[in-house]
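Down below is the structure, laid out as structure tokens.
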Amino acid sequence: MKSNRPLIWIFLLPTLVVLIPALLFGLAAVQVLKERMTQNHATQSADMAALLQAADYAQSLGELHQDVVDMLQQADRGELSALASYRLHSSFVNELAILAGQIQTLTETPLMIDLNHGSAQHLREAFEGYRRFIIMAGDIATVDATRARHYLDEAQHEFLRFSTLTGHLSSKLAQRSGERTSDAYQDTLGHFNTLLLFGGAILALMLVAAFYSARILNRHLLIIAEGLLALSHPHRVVPELPRVQRLAELGRGQLQQLALAVLRLRESEARRLVAERKAHQLAHFDGLTELPNWRMMSEHLAHSLMLCQRNGQHGALIYLDLDLFQQINDSYGHRTGDRLLREVAQRLRTFQQEGCIAGRLGGDEFLLVIDSLPKQPDKAANLAEELADRIRIVVAEPYSIDGIQHFLSASQGVAMFDGSSDAETLFKLADAACHHAKLAGRDTICFHDDATQALMEARNETRRDLRLALQRGEFRLVYQLQYDADHRPLGAEALIRWQHPSRGMVSPAEFIPLAEESGLIVPLGDWVLEQACRQLVAWQQQVATAHLTLAVNVSARQFKEPDFVERIERVLTTSGADPHRLKLELTESSLLDDVEAGIDKMRRLKRLGIRFALDDFGTGYSSLQYLKRLPLDQIKIDQSFVNDLLLSGDDMAIVRTIIAMGVSLQLEVVAEGVETAHQLGWLVEAGCHVFQGYYFCKPLPIDQIELPFTSIPVS
């Protein structure tokens, strides 16, 4: 900023806007008043001179008249010679001429002119009349003094007239002079008031201008202050400061220089932030893939360990190593290898929305940290393995680089943690597990501890065997009969079992979730439905069993298939089973995702005669409003409520409510898990219709079921 244009002038500007015009106006006003007062003084002086002149010539004329009278009296007494009379007469004539000039001068004064022209004319006429008779009297007195008496009398008369007129005129002149003085004072006072009013208006305008200038200055300074304040706050992005930019473009002087200084400060701050971001990027992120590096991943892993320890949850660290990646570098060059690494990194980023943070160690090695896994170790390991398997599949998809397709696989080592380990130890465990995965043949997943690894291997083995079990015919159906209150069989529920060739009977709780995950539940459900329909056909051929119904569980995955209704129709047509004896058991999860589509499927099947039951009722979110829309025939009370029915008041209340709800909706109520006569008695008393459980029979193969055919009515 230039030294000859100090910043203080910016702050003095509002004051100078008022002070300088006020001083200039004050000087101008004083000068105007001074001129006006000088003019008034000159006028008053002239008027005073006129009054004095009027008094002087009146006195001079009186003295002259007395001298003339004395001369005539002396002449009348014969005391003057003719020569002396002539000389006095000449003197009188000269004096009258002088007085005539004074009168003429008096009549031409501004005061006399301002009075009126008639008064001046009368004064001159009276003086001329007086002067004429005086001159005539003087002329005759030099010849005959006695005859001059007549003219002297006339002159005396004119003198009296002139004196009266002069006195009256002097009075009027004095009065007019006073009026002129008063007018001059009022005029001066008016000028003063005008100047005062005009000065007040000018001052008010100057104050408004000063206020406006101060307001503009204040706004500009506030813009600069706000810009400085915005730059002083911690931020990740430098603020734009558009108002300061506009001030720098449109402003002038020091304000413009201040705005430019703030903008230069902003540019400096922007460069500093860019440098910080670059430094942070270099320190915490991989330069090739822009994924977090080991330093950043170790910080995130430490944070995840702390969260797991605090929340009691589990997490997982996945060490991912691309298989045989060096061969691509050797065959196609590092440029192709780098592009493949960037593509792999991009694919790994897609798992971030699932709570999986990916980073790169270097070369072809990556790390993935999974947060917020369940508290149960087995469930946490299952989810970690599922995610690792999906990562394996995504990495294995083909890559197109310069028109050439490349294929990659990845070996993954998984280290589970619950907050009790440190980051360095977990890294070593995951690295060791990844090494085992490579030794196991690559493109595999290994866990770091033996127990978890054994569990995962068992699950993988079960999953592999499950794919072959359906082809090998290893599945069996067992049937659990359903009875009424009089112990008469009404039908049965078909339940699937897996007879493994080496492991023996595998629990449905173990293989059904795997079938759901892998999608095998759909063909498995079709197989169960086909077998159940064949059994219905077999029962229909015997009179004693023709009335029995058969319930088949339908999984949510199976029910959501677009051609589910067509598949049911095809099985019924192929097998020849009576659809009125077939009952499909659905769970609430089958219907909640798309209620309207589910209701439509149920109604289409209802038109064929198929009945529906809502399984495991009471464990979900069913309500009366929800149930009344579904074309159901039965609701089944979950066995978890029946098991402790006589020991828990809550279970009693829940079961009683379910029965009442079923009755109100005109639905048949089935109780599962009935194991004692006391449970049966309570349920019968509560109004339950159908019963199923170990009290009657266990699930058995069809050839081991004994029916009291003699008590079965013919349908």
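Heads up: numbering here begins at 1 and tracks the sequence. Everything numeric in this text was worked out from a predicted model, so none of it was measured.
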Locate the shortest heavy-atom distance separating [X] from [Y]; write the atom from each residue and the value.
X	Y	answer
Leu481	Ala492	CD2-CB, 3.7 Å
Ala358	Leu291	O-CD2, 3.9 Å
Ala380	Pro374	CB-O, 3.6 Å
Leu630	Ile599	CD2-CG1, 3.6 Å
Cys688	Val669	SG-O, 3.4 Å
Met602	Pro631	CB-CG, 3.5 Å

Nearest-0.5 Å distance that lies between atom [atom1] in [X] and atom [atom2] in [Y]:
X	Y	atom1	atom2	answer
Trp682	Thr676	CH2	OG1	12.0 Å
Leu586	Asn553	CG	CG	9.0 Å
Trp539	Thr549	CH2	OG1	8.0 Å
Leu470	Trp498	CG	CH2	11.0 Å
Gln313	Ser304	CD	OG	11.0 Å
Leu426	Leu305	CG	CG	5.5 Å

So, [X] side chain and [Y] main chain: donor-acceptor pair closer than 3.5 Å or not?
X	Y	answer
Asp486	Arg488	no
Ser575	Arg534	no
Gln679	Glu675	yes
His448	Ala430	no
Glu585	Val554	no
Ser664	Met661	yes

* To do: Verify side-chain contact (heavy atoms from CB on, under 4.5 Å) between Phe447 and Met416, making sure each step is shown before the conclusion.
  => CA-CA 8 Å; Phe447 282 74; Met416 304 297 297; 3.9 Å; yes
Tell me whether [X] is salt-bridged to [Y], with the criterion being a basic N under 4.0 Å from an acidic carboxylate O.
X	Y	value
Glu566	Arg604	yes
Asp431	Lys428	no
Lys606	Asp633	yes
Glu672	Lys636	yes
Lys601	Glu596	no

Could you tell me if the side chain of [Y] sits less than 4.5 Å from the side chain of [X], heavy atoms only?
X	Y	answer
Leu324	Arg442	yes
His436	Ser411	no
Leu341	Arg360	yes
Ile391	Ile445	no
Val684	His689	no
Leu387	Cys356	yes
Lys583	Leu550	no
Arg611	Glu668	yes

* Asked: Only one of Asp323, Asp321, Val344 forms a side chain to side chain contact (heavy atoms under 4.5 Å, CB included) with Asp364, so which one is it?
  -> Asp321
With a cut-off of 6.0 Å (strictly less than), are more than 12 heavy atoms of other residues, nucleotides or ligands near [atom1] of [X]?
X	atom1	result
Glu685	CD	no
His500	NE2	yes
His435	NE2	no
Gln666	CD	no

Under 6.0 Å between ring centres: does that hold for [X] and [Y]?
X	Y	value
Phe559	Phe564	yes
Phe427	Tyr319	yes
His487	Phe696	yes

* Please walk me through it: do Arg567 and Asp526 pass side-chain contact (heavy atoms from CB on, under 4.5 Å)? -> CA-CA 8 Å; Arg567 290 186 181 188; Asp526 291 342; 2.9 Å; yes
* **Derivation of the salt bridge (charged side-chain N to carboxylate O under 4.0 Å, His left out) call for Arg570 and Glu530** => CA-CA 10 Å; Arg570 186 163 54 249; Glu530 291 173 0; over 6 Å; no
* To do: Given side-chain hydrogen bond (donor to acceptor under 3.5 Å, both in side chains), test Gln692 with Gln482 step by step and report yes or no.
  => CA-CA 5 Å; Gln692 177 181 343; Gln482 298 174 341; 2.8 Å; yes
* Show your reasoning for whether side-chain contact (heavy atoms from CB on, under 4.5 Å) applies to Glu385 and Leu383. => CA-CA 5 Å; Glu385 188 198 22; Leu383 290 176; over 6 Å; no
* To do: Apply side-chain hydrogen bond (donor to acceptor under 3.5 Å, both in side chains) to Asp650 and Ser648, showing your working.
  => CA-CA 5 Å; Asp650 292 339; Ser648 171; 4.7 Å; no
* CA sep, side-chain torsions, deciding dist, call: Arg349, Gln346, side-chain hydrogen bond (donor to acceptor under 3.5 Å, both in side chains) -> CA-CA 5 Å; Arg349 281 195 190 93; Gln346 185 62 33; 3.0 Å; yes
* **Test: Arg347 cationic atom under 6.0 Å from Tyr399 six-membered ring centre, within 45° of axis** => yes
* Kindly determine whether Arg392 and Asp389 satisfy salt bridge (charged side-chain N to carboxylate O under 4.0 Å, His left out), including the steps that lead there. => CA-CA 5 Å; Arg392 181 186 62 80; Asp389 191 57; 2.9 Å; yes
* To do: Would you sort out whether Thr462 and Arg503 count as a side-chain contact (heavy atoms from CB on, under 4.5 Å), showing the intermediate values?
  => CA-CA 10 Å; Thr462 302; Arg503 297 169 55 188; 2.9 Å; yes
